[in-house]
Amino acid sequence: MIILVVRDRAGGKLWDAAPTMLAMARFEDLQHSLWDTSSECTVQPALTDRAIVEAQRLFDVTLPNSLLDLLRHRNGGEVADEWNAFPTSQPTSWSTDHVPFDTMLGIGRREGTTSLLDSPYLVGEWGLPTGLVLFSGDGHCWIGLDYRACGRHREPSVAWFDADFHTELALAPDFRSFIEGLTAARNFE
């Protein structure tokens with residue numbers, strides 16, 4: 001069971017609760033159905049082993065295999081409508097019951113496209129805690145791999161970060177669980 005914990009910037013707990021669990025998709029099925037293939041505008045060039053090494057060296061972390069498996073299939077881009085939200089049992093500035101997951105950042109240096117490689121800059125720009133690798137967001141709110149508790153070379157948890165309100169919400173104990181917990185935003189309307 002996933003326990004959600006919201007903390008303020010100073011690390012104080014604001015609330016926690018166990019969310020209502022929805023039917024989970026299998027990761028192996030999501031590898032092919034996660035992406036909205038109608039647009040290439042936020043997709044990085046095909047992922048290479050060299051790019052993975054560069055990213056892990058830049059962050060000084062080991063990226064989750066499940067993330068790399070998805071990015072090998074398609075190196076970032078828009079997420080299909082069937083998988084564009086993650087349920088929460090606690091409200092955020094976005095919604096009372098979910099957070100958006102419209103795009104996922106790839107690994108690369110395609111001009112004019114944000115990448116996982118931009119995480120150090122984005123963390124500093126938005127005043128987010130160190131120890132994060134951001135993989136989705138728009139500036140005010142982000143979803144990221146959180147290495148603060150597990151260390152640099154273990155499996156990170158996934159959390160939501162609101163830069164405007166200085167709050168965070170634990171979403172999943174690992175990236176694979178996050179992906180398998182995705183659902184359609186229309187389920188919340």
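Ser136 places no side-chain N or O within donor-acceptor distance of the main-chain N or O of Ile143, the cut-off being under 3.5 Å. A side-chain donor-acceptor contact under 3.5 Å links Asn75 to the backbone of Pro45. Although no hydrogens or angles enter the test, the distance criterion places no donor-acceptor pair under 3.5 Å between the side chain of Glu82 and the main chain of Ser33. With Ser115 contributing its side chain and Gly108 its backbone, the two residues share a donor-acceptor pair below 3.5 Å. Put simply, the side chain of Arg74 never gets that close to the backbone of Trp35: no donor and acceptor are under 3.5 Å apart. Using modelled atom types, no side-chain atom of Thr113 and backbone atom of Thr42 make a donor-acceptor pair closer than 3.5 Å. Between the Asp146 side chain and the Leu132 main chain, no donor and acceptor come within less than 3.5 Å of each other. Using a distance-only test at 3.5 Å, with no hydrogens or angles considered, a donor-acceptor pair links the side chain of Gln44 to the main chain of Arg109. Between the side chain of Tyr147 and the main chain of Thr62, a donor-acceptor pair closer than 3.5 Å is present.
Leu30 and Leu67 fall within the same hydrophobic cluster, defined by Ile, Leu, Val, Met, Phe, Trp and Tyr side-chain heavy atoms under 4.5 Å apart, directly or through other members.
At a threshold of 4.5 Å between non-hydrogen side-chain atoms, the residues Pro64 and Arg176 do not count as touching. The closest side-chain heavy-atom distance from Pro91 to Asp97 is not below 4.5 Å. The shortest side-chain heavy-atom distance between Asp138 and Asp102 does not fall under the 4.5 Å cut-off. The shortest side-chain heavy-atom distance between Trp160 and Cys141 falls under the 4.5 Å cut-off. Here the side chains of Thr92 and Glu168 are not in contact, with every heavy-atom distance at 4.5 Å or above. Looking at heavy atoms from C-beta onward, His140 lies out of side-chain contact with Ser93 at the 4.5 angstrom threshold. Side-chain contact between Trp126 and Trp142 is present, with at least one heavy-atom pair separated by less than 4.5 Å. When side chains are defined from C-beta on, Ile52 does not count as touching Thr48, because their heavy atoms never get closer than 4.5 Å.
Using the six-membered ring where Trp is involved, Phe86 and Phe178 have ring planes that are parallel, under 30° apart on the 30 and 60° scheme. Using the six-membered ring where Trp is involved, Phe175 and Phe135 have ring planes that are perpendicular, over 60° apart on the 30 and 60° scheme.
Between Glu40 atom CD and Glu78 atom CD the span is 10.0 Å, to the nearest 0.5 Å.
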Pair Thr114-Asp118, side-chain hydrogen bond (donor to acceptor under 3.5 Å, both in side chains): steps then yes or no:
CA-CA 7 Å; Thr114 305; Asp118 296 314; 4.7 Å; no

side-chain hydrogen bond (donor to acceptor under 3.5 Å, both in side chains) between Asp174 and Ser177: does it pass, once the steps are laid out?
CA-CA 5 Å; Asp174 55 61; Ser177 298; 2.9 Å; yes

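Between Ser119 and the choices Leu128, Leu134, Leu145, the side-chain contact (heavy atoms from CB on, under 4.5 Å) rule is met once, by Leu134.
Heavy atoms of other residues, nucleotides or ligands lying less than 6.0 angstrom from CZ of Arg154 number 12 at most.
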